[in-house]
Amino acid sequence: MSAPVVDVRDMRVWYAGPSGPVQAVDGVTFALRQGEVLGLVGESGSGKSTLGRGLMGLVPRGAAIDGSIEFDGRDLLSLPKKERGRVRGAGMGLIFQEPMTRLDPLMKVSKHFTEVLKVHEPKLSKDEARIRALDALRSLGIPPTRYDNYPHEFSGGMRQRIMIALALVLRPKFIVADEPTTALDVLVEAQILRILADIRERYAPAILLITHNLGIVAEACDRVAVMYAGRIVEQGPVRDIFATPRHPYTRALLNSTISLSTRELHSIPGAPPDLVRPPTACRFHPRCEHVMRVCADVFPPTVRVDRQEAECWLLATDRIDAAGRAPLSRQEVPVADEA
Amino acid sequence: MATATKSSSGSLRTYLITRLLLVIPMVWILVTLVFFVLRVVGDPIQSAFGGRLSPADIAVRRHAAGLDKPLLSQYWHYLVGVTHGDFGTSLTDNTRISHILIVNGAATLELTFWAVLVAIAVGVPLGRVAARYRDRLPDVGLRLFAVLAYAVPVFFLGLLLKLLFATNLTWFYASGRASPNVEIAINNVAPNTHIYIINAIQYGNVSDIWDVLRHTVLPAITLGMLVAGVFLRLVRVNLLQTMRADYVEAARARGVPERRVIRKHAFRNALIPVVTVMGLQVATLLGGAVLTETTFEWQGLGYKIAYYLSRQDYVAVQGIVAAVAVIVALTSFLIDVAAAVIDPRVRY
Amino acid sequence: MSINLPELEGTEAAVALPTGRRHSRVPGLDAIRATSGFQRGMLVAGALIVLFFTVVAVFAKLIAPYGFNDDRHGGKVFGRLVAPSSQHWMGTTSGGEDVYSRVVFGAQTAMEVIVLAVLLSIVVGVPLGLLSGYFGGWLDRVLVLVTDALFAFPSLLLAIIVSIAIAGGSSSATGGILSAAISITVVYVPQYFRVVRNATVAAREEPYVEAARTLGASPLAIMTRYIFGNVVQTVPVIATLNAGDAILTLAGLGFLGYGIDPSAGAEWGHDLSKAISDTSNGIWWTGVYPGVAIALLVVGVTLVGESLNDVLNPLLRTTRLKQVVLPSRRTGEPTQESA
Ligand SMILES: Nc1ncnc2c1ncn2[C@@H]1O[C@H](COP(=O)(O)OP(=O)(O)OP(=O)(O)O)[C@@H](O)[C@H]1O
Ligand code: SF4
Ligand SMILES: [Mg+2]
């Protein structure tokens with residue numbers, strides 16, 4: 001197999017919060033090969049966007065990031081700031097959830113393109129830049145006549161396509177698409193998904209597709225990673241995971257979706273955890289129906305089962321003694337203990 | 001959407017028209033208010049000449065000025081005059097207010113121009129610094145600076161500057177718009193703009209220009225500081241807002257260098273509300289100009305108002321103040337228009 | 001002076017309606033408690049300055065060595081423009097009065113006028129805003145138009161005109177203070193009116209007000225019982241900020257020869273106007289002391305007002321987030337498969 005384009009190990013992103021650090025991403029490990037699409041799913045607030053932005057090196061003030069993000073053979077987190085800026089955009093692109101607010105209202109679309117091309121490919125002449133930009137726009141169905149319009153003159157779907165074109169114009173090897181269709185209606189959503197599929201065929205970038213929609217995962221992704229409270233609790237090929245989810249959270253996630261026969265995720269009993277004081281050890285334990293004593297005391301190991309990986313004690317019962325295996329009733333679960 | 005493209009110029013026009021229509025009642029209300037409030041005092045002729053002229057003389061003058069007519073007819077007469085740009089004639093020195101507007105108005109215009117320049121030069125960069133170091137020492141210091149700039153009365157700042165830079169250091173002049181000989185020289189020209197710096201550049205020599213500038217520095221700083229603090233805070237708070245904006249993060253995600261992100265995206269967007277609020281500062285500047293001009297004997301409109309006030313020539317005061325109302329309304333209209341034109345979205 | 005509310009963070013009505021927060025019995029204690037760090041420092045410093053001037057104002061007669069208009073004491077003439085000495089700490093004026101005594105009595109004048117002006121503006125502006133906002137209609141529209149026009153007009157000119165109208169500029173002692181206060185009131189009524197009116201218009205649509213109305217409560221009862229309580233909470237902020245501005249307006253009036261009659265009381269602005277001509281001889285003490293007094297008092301009042309605004313408007317409260325320092329990895333992390 002080819003070397004991964006993106007290889008993330010043990011990445012953490014903690015935000016500065018008023019009552020202490022928010023452990024939004026707390027040790028995630030995954031890799032993506034060229035042309036591969038990894039779906040990232042999980043409840044709202046589980047840290048998906050934080051993960052996607054962290055990969056780009058976008059962390060707000062006061063936040064901290066560590067671990068290693070290897071992109072194209074280089075560890076981004078140890079690169080000097082300037083180098084990292086160059087990778088951002090040119091090497092990896094980010095597509096956002098809210099197309100309406102992501103374009104500078106005072107800048108013509110053309111200016112967005114010339115800016116990004118000037119920054120990353122300063123050798124390009126004005127005409128070449130224009131051709132490149134118009135090509136990218138045309139491939140996304142935006143006519144050249146709209147090149148000099150302002151963002152407010154476009155609809156949401158069109159703006160999202162412009163955003164995508166802006167990311168693609170630099171031909172990045174890796175794209176993070178953070179819920180690119182959530183804010184759009186169903187027809188536009190289908191259109192954007194078709195575009196993504198098209199991009200895959202033509203440029204074969206690695207794509208991290210963040211979504212709430214398991215239907216999209218099934219349709220558009222090769223592999224899927226399930227995130228819960230800042231951790232990837234299970235990952236593997238989409239088909240395997242949908243067929244035999246190993247982690248109780250994944251199971252609950254799939255169940256809730258199927259039982260309600262909608263395409264959106266629905267809530268699982270219990271509240272999503274507080275990421276300032278996350279539950280001890282397995283973060284899912286306050287809501288897990290299989291919770292055992294050990295789950296609240298010792299971090300579950302990551303266990304490989306066939307092509308899937310999951311972190312759950314249920315997959316490593318041979319390593320727990322009888323006391324640890326004793327079920328933990330819900331009442332005993334400490335609400336918000338110090339981590 | 002295509003429809004948005006078509007309607008945007010239309011909505012701009014509608015906006016401009018509605019905004020312009022708002023100017024009229026505003027001016028009318030103010031002019032009316034000034035007229036009636038000043039008439040409450042009593043007869044302007046009596047105020048201006050009472051005790052110095054015989055009752056018979058006063059009656060003659062009153063008749064000449066039309067002040068013996070019923071109040072409402074005087075009011076009507078006055079309103080009609082205002083719509084024609086006629087703000088009356090001063091009682092004490094028999095000068096047409098419209099003439100004062102041209103001559104002294106130019107002086108005020110010159111002063112406020114420099115003051116705005118000072119305010120921008122001080123407020124905008126400092127506002128950027130404050131936003132950049134939000135909640136850290138430079139920000140805290142600048143916040144205090146803004147409070148101080150606001151709290152120090154214009155005339156006190158003027159007095160301090162005069163003491164320091166005119167009396168002690170003699171770098172700049174303490175009063176007037178130019179030295180007497182220069183003033184005569186640059187005023188004695190064919191098309192007279194009454195704006196000294198322009199006159200000096202056009203007709204004078206380098207030393208004339210230098211003389212005018214040395215007279216301008218202190219008043220400009222004095223009046224400029226009045227709004228510099230406001231600008232600072234406006235720039236700071238709006239920058240803080242736009243620095244968090246989605247499109248700014250998106251630009252970062254595209255690898256646009258931070259400096260450029262701030263300059264081209266955050267800062268430019270932050271300026272729109274700043275320009276809008278600048279409209280409100282017109283009144284502040286004109287109010288401050290009265291005090292600055294008095295402090296520095298800068299013969300502008302404010303100086304003239306103070307002058308006629310001291311001579312209790314309320315007809316002149318009323319005329320100038322009414323003109324100021326028109327100026328304020330028109331300028332804030334123009335600034336709103338500018339803000340609307342800068343912003344491609346054209347809100348409202 | 002002519003700055004209206006110092007530009008608060010945010011534009012237009014930056015004074016947010018606090019939503020049903022509990023208040024402690026001791027006024028101001030809440031405010032102090034709600035702040036931290038720099039904001040608390042600002043509030044405390046401002047309060048101390050205001051307290052200092054209040055004490056000076058109340059005990060002016062005891063603090064000042066001479067009367068504000070005295071140019072001699074015990075038959076001995078002070079002399080004109082005497083430099084600061086042990087006799088006259090702040091020197092004497094061109095009229096031969098003791099500067100120190102004038103500064104002290106100036107505090108008294110300022111405090112009296114400001115308190116009176118603020119009370120008057122509240123008494124006029126708040127009910128007007130309530131009525132106008134509650135009943136709406138043409139009266140509301142006219143009042144809004146008029147106050148907007150007044151608001152846009154240089155406030156100092158407004159105060160001068162009113163002051164001419166009231167008393168021809170001056171009159172007897174209390175008349176001087178009252179007429180100065182009224183001139184200033186006219187400047188600030190539009191501000192209270194605007195804020196209260198807008199808040200009332202908003203409150204009128206609240207469900208509980210609607211409910212009261214359908215239950216047949218009289219407009220008076222609704223306004224006093226339901227709306228007033230909510231709306232009135234913004235008043236302290238405007239009042240403090242306006243008080244600072246009012247001090248400047250009073251001084252501006254005095255500087256131009258309006259406001260307080262020189263025989264009726266010492267007034268800082270008036271003293272400064274006299275001091276301007278002294279500067280050409282290098283005499284500084286006649287102007288610097290009253291000037292510093294004005295600036296200091298305005299700084300104090302503004303600091304209090306701004307901190308109050310910050311406190312009542314939680315959006316503005318600075319919560320200084322601490323930079324996150326990532327702790328070293330937990331032992332038993334899933335990468336090491338340990339039990
Ligand atoms: N700038 C920030 N400062 C502090 N906490 C933050 C910040 N941004 C996000 N968080 C917190 O971090 C956690 C993860 O947020 P994130 O946006 O990554 O979740 P998400 O999985 O993308 O959710 P969604 O599906 O709603 O987009 C949340 O608890 C959120 O409240
Ligand atoms: S480790 Fe324990 S609590 Fe966590 S998911 Fe597995 S069984 Fe549930
Ligand atoms: Mg998200």
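Residue numbering restarts at 1 for every chain, and letters A, B, ... go by the order of the sequence lines.
- Taking the side chain as every heavy atom from C-beta outward, A:M107 and B:H265 approach each other to under 4.5 Å.
- In this structure, no portion of A:K81 lies under 4.5 Å from any heavy atom of chain B.
- Residue-environment remark: CZ (B:R259) stays at or below the threshold of 12 foreign heavy atoms within 6.0 Å.
- The 12-atom threshold is not exceeded at CD of A:Q34, counting heavy atoms of other residues, nucleotides or ligands nearer than 6.0 Å.
- No donor-acceptor pair closer than 3.5 Å links the side chain of A:H120 to the backbone N or O of B:V256.
- Contacts with chain A were tallied for B:R268, B:R254, B:R260, B:E258; B:R254 has the most, counting heavy-atom pairs under 4.5 Å.
- Highest contact tally toward chain B, considering only A:L106, A:V87, A:T101, is held by A:L106 [criterion: heavy-atom pairs under 4.5 Å].
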* Let me see the working for B:K264 and A:E115 under side-chain contact (heavy atoms from CB on, under 4.5 Å), right down to the final yes or no. => CA-CA 10 Å; B:K264 292 283 172 177; A:E115 175 180 55; 4.2 Å; yes

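- Here A:L166 is the residue among A:L94, A:L170, A:L166, A:V116 with the most heavy-atom pairs under 4.5 Å with chain B.
- In this structure, the portions of B:E249 lying under 4.5 Å from any heavy atom of chain A include both its backbone and its side chain.
- Proximity to chain B (any heavy atom under 4.5 Å) is shown, for A:M100, by neither the backbone nor the side chain.
- In this structure, the portion of A:L58 lying under 4.5 Å from any heavy atom of chain B is its side chain and not its backbone.
- Using a 4.5 Å cut-off on side-chain heavy atoms (C-beta onward), B:R252 and A:M56 make no contact.
- B:V248 is not listed as a side-chain neighbour of A:D104, based on a closest heavy-atom distance of 4.5 Å or more.
- Your options are B:T242, B:D246, B:N269, and the one with the most heavy-atom pairs under 4.5 Å with chain A is B:D246.
- Proximity to chain B (any heavy atom under 4.5 Å) is restricted, for A:R61, to the side chain, taken from C-beta onward.
- Interface remark: A:K82 contributes no atoms to any contact with chain B (heavy atom separation under 4.5 Å).
- Shown here is B:R132, whose CZ atom has no more than 12 heavy atoms of other residues, nucleotides or ligands within 6.0 Å.
- Applying the 6.0 Å contact sphere to NZ of A:K111 captures more than 12 heavy atoms from other residues, nucleotides or ligands.
- From A:E98, atom CD reaches atom OH of B:Y247 across 13.5 Å, with rounding to the nearest 0.5 Å.
- Both the backbone and the side chain of A:R102 come within contact range of chain B, each with at least one heavy atom under 4.5 Å from a heavy atom of that chain.
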